[in-house]
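Order of appearance sets the numbers: ligands from 1, and atoms from 1 within every ligand.
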Amino acid sequence: MFRCFPSTCVLYGASILIIFFWCLMWMHHVITIIYAKSKLYKKLKLCPESPSYVGVSIIKPLMGFDPNLLSNLETFFTMDYDCYEILFCVAEEGDPAIKVVNSLLDKFPTVDAKLFVGNSVVGVNPKINNMQSGYSVAKHPLILISDSGIRMKPDTLKDMVEHMTDKVGLVHQLPFVCDKDDSLVSIMEQIFFGTCHARFYLLANLLNLNCVTGMSLLVRKSLLDEVGGLQSFGSYLAEDFFIGKSLRDRGWKLQVSAYPALQNATGYGMDYFRNRLKRWIKLRLKMVPFVTFLEPFTQSLLIGFLASWAGTYLFAWNPVAVFMVHIFLWFICDWTMFTIVHNGPLRISRFVFLVVWLLREVDSNFLFMSALADPSIVWRDKAFRVSWGGLTEKITEK
Ligand SMILES: CCCCCCCC/C=C\CCCCCCCC(=O)N[C@@H](CO[C@@H]1OC[C@@H](O)[C@H](O)[C@H]1O)[C@H](O)/C=C/CCCCCCCCCCCCC
Ligand SMILES: O=c1ccn([C@@H]2O[C@H](COP(=O)(O)OP(=O)(O)O)[C@@H](O)[C@H]2O)c(=O)[nH]1
């Protein structure tokens, strides 16, 4: 008679659970590839007599300088959109971004654009404090919050506004990265945002989960004003998550634009990139702990090792063969997703993609562990402590 010793039962149960989770991971690959293919870069079919476009107040919180700042900001002056204003916000006198903005204001005198210098302290979130001066004078019914490193294609704003249909309160963009330069960090950043990040971002949206990124979001101003304006999100560092939540709680839908957000700030090294991802992990951990604790198990290497072990335990599969096939198929899925999100001629070969992709996959679990090791969150020149749930207190200037 078969006797299940406690340790055997545990191993048996664990391997079934692993194989089940592994199957879910393959499903998520297939589903997100189909979704990305059908959603991204597809123009909405508007009725010919669609009304003229609603006015948009674009708020650009700026802090510091990077070599691409001028050309990135310039794309906001040349958009194919009839009615918009640009409200540049800089917190401190003497910030190098001021000079860049002034040169653009001189170059495009006919564009409705203004610069505000000075911080209004309405909470702990420095980005909200910075944006407050622009928000308080915004005159259009739609607000576009757009981070300093974002680049716009001429028709992106149109697409975002077209997605703002009757029941939609907020339109956001899938984060991606421009073809910047050939440095390892730029390629790795692009691969991360075009594969792992894109998959889960799209999956969350497909499952109707709140997964809004604050780097580029269009929102109805009336809905922010209903709860006290932008400043009512100032006590959270992840203002994007809470803006999304607030709208969802009031029955509004969140939509993803067909065009990914093009991040194009440059000149930052590998440490900056890794610290940025660590900061985000720490934030997610405090807001959606259960999902975040599962994150390491969604990474190719760890789930590959576990599935190889479980397959050997349950079905006597060859673990090395299972692992190799697993990594190969994962790579094919990620390459496919990357080409869809990138949408155009690639500047990297499959071989470079493979090498940098592997490096990132190896690094992902180290990144996660080192994020857990130090709970304090450093953002630019400030350090914060985030409590479970998301409320934030400032510890100090760094
Ligand atoms: C079966 C479980 C699977 C779980 C798998 C999770 C794997 C996650 C890997 C990547 C996650 C990518 C998707 C999440 C994107 C979040 C990016 C992020 O962390 N952004 C935070 C920081 O944003 C900046 O913050 C400062 C602000 O001023 C800037 O403007 C912002 O850009 C952001 O604040 C956090 C938001 C919380 C997002 C919640 C994420 C929910 C994730 C759901 C993943 C899908 C799960 C599928 C479940 C079956
Ligand atoms: O103290 C700060 C930190 C950030 N920002 C602005 O917030 C946006 C997002 O900043 P960052 O790129 O550092 O955030 P991440 O995308 O890395 O979370 C940018 O427009 C910054 O100029 C700001 O105004 N004050």
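Near Arg276, the atoms of ligand 2 lying under 4.0 angstrom from a non-hydrogen atom of the residue are 15 (P), 16 (O), 17 (O). If you number the atoms of ligand 1 from 1 as listed, the ones under 4.0 Å from a heavy atom of Glu239 come out as 27 (C), 28 (O), 30 (O).
For Asp147 and Lys127, the salt-bridge test passes: some basic side-chain N is under 4.0 Å from an acidic carboxylate O.
When heavy-atom distances to ligand 1 are checked against a 4.0 Å cut-off, Asp147 comes that close only through its side chain, counted from C-beta outward. Of all the heavy atoms of Phe200, the ones lying under 4.0 Å from any atom of ligand 1 are found in both the backbone and the side chain. Counting heavy atoms closer than 4.0 Å to ligand 2, residue Leu62 contributes backbone atoms (N, CA, C, O) but none from C-beta onward.
In this structure, Lys382 is part of the shell of residues with a heavy atom less than 4.0 angstrom from ligand 2. In this structure, Arg279 is part of the shell of residues with a heavy atom less than 4.0 angstrom from ligand 2.
Applying side chain to side chain contact (heavy atoms under 4.5 Å, CB included) to Val101 and the options Ile98, Leu104, Leu105 leaves one that passes, Leu105.
Taking the six-membered ring for Trp and the full ring otherwise, the centers of Phe242 and Tyr236 sit less than 6.0 Å from each other. With ring centers used as reference points, Tyr201 lies under 6.0 Å from His172. You'll find the ring centres of Trp357 and Trp335 outside the 6.0 Å limit. The six-membered or imidazole ring of Phe305 lies near that of Phe323, with a centre-to-centre distance under 6.0 Å. Aromatic ring centres of Trp309 and Tyr313: separated by under 6.0 Å. Between Tyr84 and Phe76, the distance from one ring center to the other does not fall under 6.0 angstrom.
Here the protein heavy atom with the shortest distance to atom 3 (C) of ligand 1 is Thr298 CG2, 3.6 Å. Shortest contact from atom 15 (C) of ligand 1 to any protein heavy atom: His197 NE2, 3.4 Å. Atom 14 (C) of ligand 1 has its closest protein heavy atom at Cys211 SG, 3.7 Å. The nearest heavy-atom contact from the protein to atom 19 (C) of ligand 2 is Ser148 OG, 3.6 Å. Atom 4 (C) of ligand 2 has its closest protein heavy atom at Trp379 CZ2, 3.5 Å. Counting protein heavy atoms only, atom 1 (O) of ligand 2 is closest to Pro126 CB, 3.2 Å. Atom 29 (C) of ligand 1 has as its closest protein heavy atom Lys127 NZ, 3.8 Å. Counting only heavy atoms of the protein, atom 7 (O) of ligand 2 lies nearest to Lys127 CD, 3.3 Å. Here the heavy atom of the protein found nearest to atom 4 (C) of ligand 1 is Val291 CG1, 3.7 Å. Atom 20 (N) of ligand 1 has as its closest protein heavy atom Trp280 CD2, 3.9 Å. For atom 21 (C) of ligand 2, the nearest protein heavy atom (residue, atom name, distance) is Arg380 NH2, 3.6 Å. Scanning the protein for heavy atoms near atom 16 (C) of ligand 1, the closest one is Arg284 NH1, 3.9 Å. When hydrogens are left out, the protein atom nearest atom 49 (C) of ligand 1 is Leu207 CD1, 3.7 Å; that is the closest non-hydrogen contact. In terms of protein heavy-atom proximity, atom 20 (O) of ligand 2 is nearest to Pro61 O, 2.7 Å. Looking only at heavy atoms of the protein, atom 9 (C) of ligand 2 is closest to Asp147 OD2, 3.1 Å. For atom 2 (C) of ligand 2, the nearest non-hydrogen atom of the protein is Met63 SD, 3.4 Å.
Using a 4.5 Å cut-off on side-chain heavy atoms (C-beta onward), Leu218 and His163 make no contact.
Using cut-offs of 30° and 60° for the angle between ring planes, the Trp280 and His197 rings count as tilted. Below 30°, between 30° and 60°, or above 60°: for Phe200 and His28 the angle between ring planes is below 30°, a parallel geometry.
Between the side chains of Asn119 and Asn129, not a single donor N or O lies within less than 3.5 Å of an accepting N or O. Defined by atom type and a distance below 3.5 Å, a donor-acceptor pair is missing between the side-chain atoms of Tyr81 and Asp155.
In terms of polar-atom proximity, Asp240 is counted as a contact of ligand 1, with an N or O under 3.5 Å from an N or O of the ligand. For ligand 1, the polar-atom distance check finds no N/O of Asn210 at less than 3.5 Å from any of the ligand's N/O atoms. Ligand 2 has no N or O atom lying under 3.5 Å from any N or O atom of Ser146, backbone or side chain. Annotation: Trp379 places no N or O atom under 3.5 Å from an N or O atom of ligand 1; distance criterion only.
Screening residues 128-157 for ring-ring contact (aromatic ring centres under 6.0 Å, His included), with sequence neighbours left out, gives no hits.
Here CG of Leu144 is found 5.5 Å from CD1 of Ile58. Values are rounded to the nearest 0.5 Å.
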